[in-house]
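Step one of this worksheet: look at the structure below.
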Amino acid sequence: MISKNSSLSRVTAAGMLVAIGIVFGDIGTSPLYVMKAATAINSGYDTDYIIGIVSCVIWTLTLQTTVKYVLIALRADNNGEGGILALYALLRRIPRKWLYVVAAVGAAALIADGVITPAITVTSAVEGLRAVVPEVKVCPIVLVIISGIFLMQQAGTKRIGHLFGPFMFIWFAMLGVLGAINILEGVSILKAFNPWYAIRLLLDSPEWFMIMGAVFLCTTGAEALYSDLGHCGRKNIAFSWIYVKAMLILNYLGQGAWLISVGAEDVSENPFFAIMPHWFTVVGVMMSTGAAIIASQALLSGSFTIFSEAFSLGLWPKLKVKYPSREKGQLYIPAVNYALLAGCLLTVAIFQDSSHMEAAYGLAITVTMLMTTVLLALWLRSKGVPLMLCMAFVVVFVTVEGLFFAANLFKFVHGGWYSILIAGVVAFVMVVWHKSSSLRADYLQFRSFDDCKNMITAIKHDSTIPKYASNLIYFSHSRVRNQIEDKIVYSIVNKQPKRADHYWFVNIETDDSPDTLEYDVDIIEEQTIYYVTMRLGFREQPKVSVYLRQIVEDLVASGSLDLLSSYPSLRSRGIAGDFRFIILHRIFSPSSNCSRKSTVMMRLYEFLRFIGVSDQSALGLDTSVVTFETVPLIINTENGRRIVRVSDF
């Protein structure tokens, strides 16, 4: 949570430098391929065409990035955190069951963007070497660079992360200077500030949908800008965007002016590298490659954050998370890292060069933007914004993004299928996991503690039952503190009577705020039964053994718990009792009496469960004593044949 006194809530030079380094990498590398893609649509372009293209870019950056994301979306923060899943966390209490589908589809499309962006940015940068060494083999170099980017994730970026800001500041300065010195080559390009040229181009050009598909590439990093809100703070991002946008526009103007000056017949190379002095090309390629690496790093960090939030919000099976450094937001998910690496390498192998990758790029991210628009409209309404203004917001941005989506659909058969396939698979897993998890929760049955606490207490004092543990811990899904799952009672009483000194029932609630770390304790039976509720923010990892030890320390200090072992030989020496965790896995039987749809969802849940890590690892119990027990999820099964006796006793 960003407090009012936090450095992230104030505009500082250091904060803006950090924002430039980690927020604008994706959008900051778009000049590498936007104008190249736009001129490839019309090889016989004229001056008005180029002015119209640059005008489209300027006003797309203004309307889509500045207005929607910088001025509106950045205000929709969840205790300082941004991104489509943080926005969903703000809204998921709204009684609309379809909201999780919107969030899942948007997040999945953003993951697909994270697969393609490193490939296209690094490839576009390395292709600049062809201006110096025409016969250079680009793909092997790109594969090595991309592999290096992903392999370095396990060590974190703390050592080099502080260089990102200065490097990207210089990168944007380079963009601005190169653009400015070329504007004089065709000063008519300044007409691009007039939006009429953009409108006329789209109205008069039969290939307007292809033009919009190319222009959209200039704003693909806007969603990543919103996702990085928690790393830099709204004001630092907003003020640094002024500098970034100015430098981007200067570069686009310079590329446009150069294209006007040389004419369509003489264009045979990427305008981005063509506006550089020949002696500067190698430096430009090195700078471009560095910017592409930083952009890829930012998207990777964003992908890790998305998955971390997803399984905390019940949208993905739990995955193993590592923390390579103490830096804020520095987390590493090995499974995600290597899956994205495989996707990026496959992208390069399939499409070979940036021109072909452009066809796969942009379609998925338009889906994310549309989903964000829907959630932002609901957020605006929840904040008391008049209904008419909310409707106007939806109409404007759904129209704009809908046109971009329609334009990008043209790319589907040329490569857009690739990003949609990735997004579709991820969205399918998210939706199915959330739906099946909710369905399983509906089948849980509960009992009041008033009905079973006497039985549990009796077992504690029954010396004929072998002691199972000094402290026995179960995980409860009950939202009502005076209730417990009947399967837990069954485990304690029926499956094997489990005598213990203390029985702990722990309920873990995911809070809509990202950094919540709180607990409550209800003492159901003094010195015997404790019900613990842990409220963890959706970015906090459930290190249950650590948190429970802290809770026990608080209870011992308050005199509410006698932790010493009940074994005389240990108690006399002041040794605390042991702890044993019981994890119940509820098995679904295909013979259960439930609908065909529910049966399919239950089976899919069992299949998807193997994507994630074990419950022991997910709950932070790797070094604890854990026992797993299986119990039936649903008791009422279909009546089968009864076995028949054939002989007397």
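For the single chain, residues carry numbers from 1 onward in sequence order.
- Counting heavy atoms from C-beta outward, Phe169 and Met247 have side chains that stay 4.5 Å or more apart.
- Between Tyr332 and Ser301, the side chains place no donor N or O within less than 3.5 Å of an acceptor N or O (distance only, hydrogens not considered).
- Counting only N and O atoms by type, the side chains of Thr219 and Thr60 include no donor and acceptor under 3.5 Å apart.
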When you look at Thr123 and Glu127, which way does the side-chain hydrogen bond (donor to acceptor under 3.5 Å, both in side chains) test go after all the steps?
-> CA-CA 6 Å; Thr123 303; Glu127 283 175 347; 5.9 Å; no
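- Within a 6.0 Å radius of CZ in Phe239, no more than 12 heavy atoms belonging to other residues, nucleotides or ligands are found.
- Ring centers of Phe272 and Tyr33: at least 6.0 Å apart, outside the cut-off.
- Residue Met357 is tested with Thr117, Thr121, Val348 for a side chain to side chain contact (heavy atoms under 4.5 Å, CB included); the sole match is Val348.
- Side-chain contact between Phe397 and Gln64 is present, with heavy atoms from C-beta onward closer than 4.5 Å.
- The closest side-chain heavy-atom distance from Trp316 to Val426 is below 4.5 Å.
- Counted by atom type alone, Glu309 and Tyr88 present zero donor-acceptor pairs between their side chains at under 3.5 Å.
- Annotation: Phe311 is not in aromatic contact with Phe307 [ring centroid separation under 6.0 Å not met].
- Results of the side chain to side chain contact (heavy atoms under 4.5 Å, CB included) test with Asn408 over Val367, Leu363, Leu403, Leu217 single out Leu363 as the only residue that passes.
- Residues Val126 and Val122 are in side-chain contact: their nearest non-hydrogen atoms beyond the backbone lie under 4.5 Å apart.
- Taking the ring pair (Phe, Tyr, Trp, His ring centres under 6.0 Å) definition, one finds that Phe216 meets it with Phe404, sequence neighbours left out.
- For the pair Glu509/Met534, no side-chain contact is recorded, criterion being any heavy-atom separation below 4.5 Å from C-beta on.
- Counting heavy atoms from C-beta outward, Ile508 and Leu619 have side chains that approach closer than 4.5 Å.
- Counted by atom type alone, Thr373 and Lys68 present one or more donor-acceptor pairs between their side chains at under 3.5 Å.
- When the side chain to side chain contact (heavy atoms under 4.5 Å, CB included) test is applied to Ile237, the partners found at least two apart in sequence or on another chain are Ala19, Val23, Phe24, Leu74, Leu225, Leu229, Cys232.
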